[in-house]
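Hydrogens, waters and symmetry mates are skipped; everything else that's a heavy atom, side chains included, is used. In the text below, chain A, chain B and the rest are named by the order of the sequence lines, each starting its count at 1.
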Amino acid sequence: MADEKPRPPSRGRLHLVVVSHDRTLLDRECDEVGLPGRLGDLGILPGHAAYVGALRPGVLTLLDGRDTVRAAISAGFCEVLADQVTVLVDDARFPADLDAKQSAAALQEALSQLEHAESEEIEAIQDRIALAEAQVAIAAAG
Amino acid sequence: MPNLIDLRRRVRSVKNMQQIFRAMKMISASRLRRSQEHILATRPYALQLRKVTQNLSAQAGEAEHPLLQVRPEEKVLLAVVSGDKGLCGSFNANLLRQADLEIKRQSDKQKLELLCLGKRASDYYGRRTHTIRAAYKSLFRNVTYEQAQEIADDVQAAFIAGEYDAVYLIYNQFVSVMTQTVTVERLLPLEPPSDEEADGGQSADYIYEPSASELLDVLLPRFVTFQVYRVLLESQAAEHAARMTAMDAATKNAGELMDKLTLIMNRTRQAAITTELIEVVSGASAMEG
């Protein structure tokens, strides 16, 4: 479009920091970050507007040139400010920390819990399932 | 005159004790280091959480979240964070004394209940007439986020349900290795972290997704949990520091006691020898005479 607003000046790179309550899990530069937002997946590129959002359990993706890093994260939230992406989660697992069989078993367990769950537990269990699914996906992709 | 054999036995036992004190001091020192590292590791998360919460609560303004709701304090829960074990100087004694004062101060309230975190507090208040909501007896061997979450979830649910109007934490704050200060802190209702002046252009125009008030729903419980977690970690570090200092003093005292006993022992030994010599000499001179 002709009347497109000029994009804010961008350094061209994002700085991603993933922290959990007891350690910093990831701290690096990258080109693009994909996050599982509560209301839908997010793709964040350099020059993104200031943003605060809740995250659902799912897969975090980081693109750095040809390098891709994926991690299964639990629920949390993220902040984007001036090309600085901060993700706060309870837990994040990289392919190296995951075992395909164990993840599959965890998923099965979560699914079976869903069958005889009280109504108020359902949300928590669905979160667990989503987390387990993400872990299975990550583990399988290795 | 003290018996030589008894004295020797005492010196030996004091020496053994000193060895134990020294070992305990070393153990506490290494545990303290680990606790401190643990606390440091939580800093980035704490900082971010604080920043975002601060931004959000400034933004959400009027939308009163149940965890922020200030009510007249009629029903109060006091969470007493003690250690699990003794042998750490006045760590537990100070805390419990302060807690007793706090209880007295709040005694005009309609309802005052206790939450005992740590074996010492559980035992102390278990023998008294206070109403105890829950007692956790082995928290500090290994403080985990899950435990903090369990405690925080329970307290938050009770607060939202109106069982309490305020929740206070009383714990030993880790100031330095030598000093621990007993601190009373309000956990609930939450005080949104205040804008520390000019935090570097904080008021950026954020896009919130979902809305700011819905985000607070996600954020505030985490904030409470994290507060509990932080307090537990801090109390743990303070306990190790207190034990280290106490054991250091005990090692020194044992050394002094040993010196004193050794001196008495040697004097006694010498006195015995002198007496014997006098006896021999006087016996010999009697024979001559």
Side-chain angles (χ1 to χ4, degrees), chain A residues 5 8 15-28 33-45 47-58 73-92 118 120-121 123-124 127-128 130-131, chain B residues 34-35 37-60 142-149 152-153 157 199-223 225-230 232-233:
Chain A
K5 280 185 198 159
H15 187 214
L16 174 70
V17 180
V18 182
V19 286
S20 75
H21 47 77
D22 56 358
R23 67 209 147 108
T24 303
L25 295 149
L26 206 60
D27 184 347
R28 64 178 285 180
V33 179
L35 293 168
R38 262 280 157 223
L39 303 181
D41 286 355
L42 298 162
I44 294 163
L45 291 166
H48 197 284
Y51 174 91
V52 175
L55 302 176
R56 64 177 203 281
I73 60 169
S74 63
F77 51 92
C78 69
E79 184 200 35
V80 185
L81 185 64
D83 286 349
Q84 167 84 30
V85 183
T86 314
V87 178
L88 281 89
V89 290
D90 295 333
D91 190 25
E118 308 286 329
E120 66 263 29
E121 294 172 353
E123 212 168 310
D127 272 5
R128 279 191 56 190
L131 179 61
Chain B
R34 218 176 317 144
S35 299
E37 274 164 21
H38 211 137
I39 292 178
L40 278 183
T42 64
R43 284 276 157 82
Y45 188 83
L47 228 83
Q48 282 303 326
L49 193 61
R50 218 187 135 78
K51 202 175 104 192
V52 178
T53 315
Q54 179 182 305
N55 266 327
L56 259 180
S57 35
Q59 224 20 249
N142 189 13
V143 176
T144 61
Y145 192 73
E146 284 70 34
Q147 279 173 328
Q149 193 150 33
D153 284 351
D199 217 341
Q202 268 305 303
S203 48
D205 255 332
Y206 282 101
I207 301 170
Y208 295 106
E209 199 180 272
S211 68
S213 64
E214 273 174 283
L215 264 176
L216 276 181
D217 281 347
V218 183
L219 250 153
L220 290 181
R222 267 165 223 271
F223 197 73
T225 306
F226 196 80
Q227 287 296 335
V228 174
Y229 184 56
R230 201 207 72 218
L232 290 181
L233 281 180

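Separating the CG atom in B/Leu56 from the CD atom in A/Glu79 is a distance of 9.5 Å, to the nearest 0.5 Å. How far OH of B/Tyr45 is from CZ of A/Arg23: 13.0 Å, rounded to the nearest 0.5 Å. With values rounded to the nearest 0.5 angstrom, A/Thr86 atom OG1 is found 4.0 Å from B/Gln48 atom CD. Here the CG atom belonging to B/Leu40 is positioned 13.0 Å from the CG atom belonging to A/Asp22, to the nearest 0.5 angstrom. Distance check: A/Phe77 CZ to B/Leu215 CG gives 8.5 Å after rounding to the nearest 0.5 Å.
For a residue to count as touching a neighbouring chain, one of its non-hydrogen atoms must lie under 4.5 Å from one of that chain's; by this rule A/Tyr51 touches chain B with backbone and side chain alike. Neither the backbone nor the side chain of A/Val17 comes within contact range of chain B; no heavy atom of the residue lies under 4.5 Å from a heavy atom of that chain. Interface remark: A/Val87 contributes no atoms to any contact with chain B (heavy atom separation under 4.5 Å).
Top candidate by heavy-atom pairs under 4.5 Å with chain B, chosen from A/Leu42, A/Val52, A/Val19, is A/Val52. Residue with the most contacts toward chain A among B/Val52, B/Thr225, B/Leu233: B/Val52 (heavy-atom pairs, distance under 4.5 Å).
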* Step-by-step salt bridge (charged side-chain N to carboxylate O under 4.0 Å, His left out) determination, A/Arg38 to B/Glu214 -> CA-CA 11 Å; A/Arg38 262 280 157 223; B/Glu214 273 174 283; over 6 Å; no

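Note: B/Phe226 and A/His21 fail the aromatic proximity criterion, with ring centroids not under 6.0 Å apart.
A/Ala49 and B/Ile207 get closest at one heavy-atom pair: CB-CD1, 3.7 Å.
Take A/Asp90 and apply the salt bridge (Lys or Arg N to Asp or Glu O under 4.0 Å) test, not counting sequence neighbours, and it matches B/Arg222. A/Asp41 meets the salt bridge (Lys or Arg N to Asp or Glu O under 4.0 Å) test with A/Arg56; sequence neighbours excluded.
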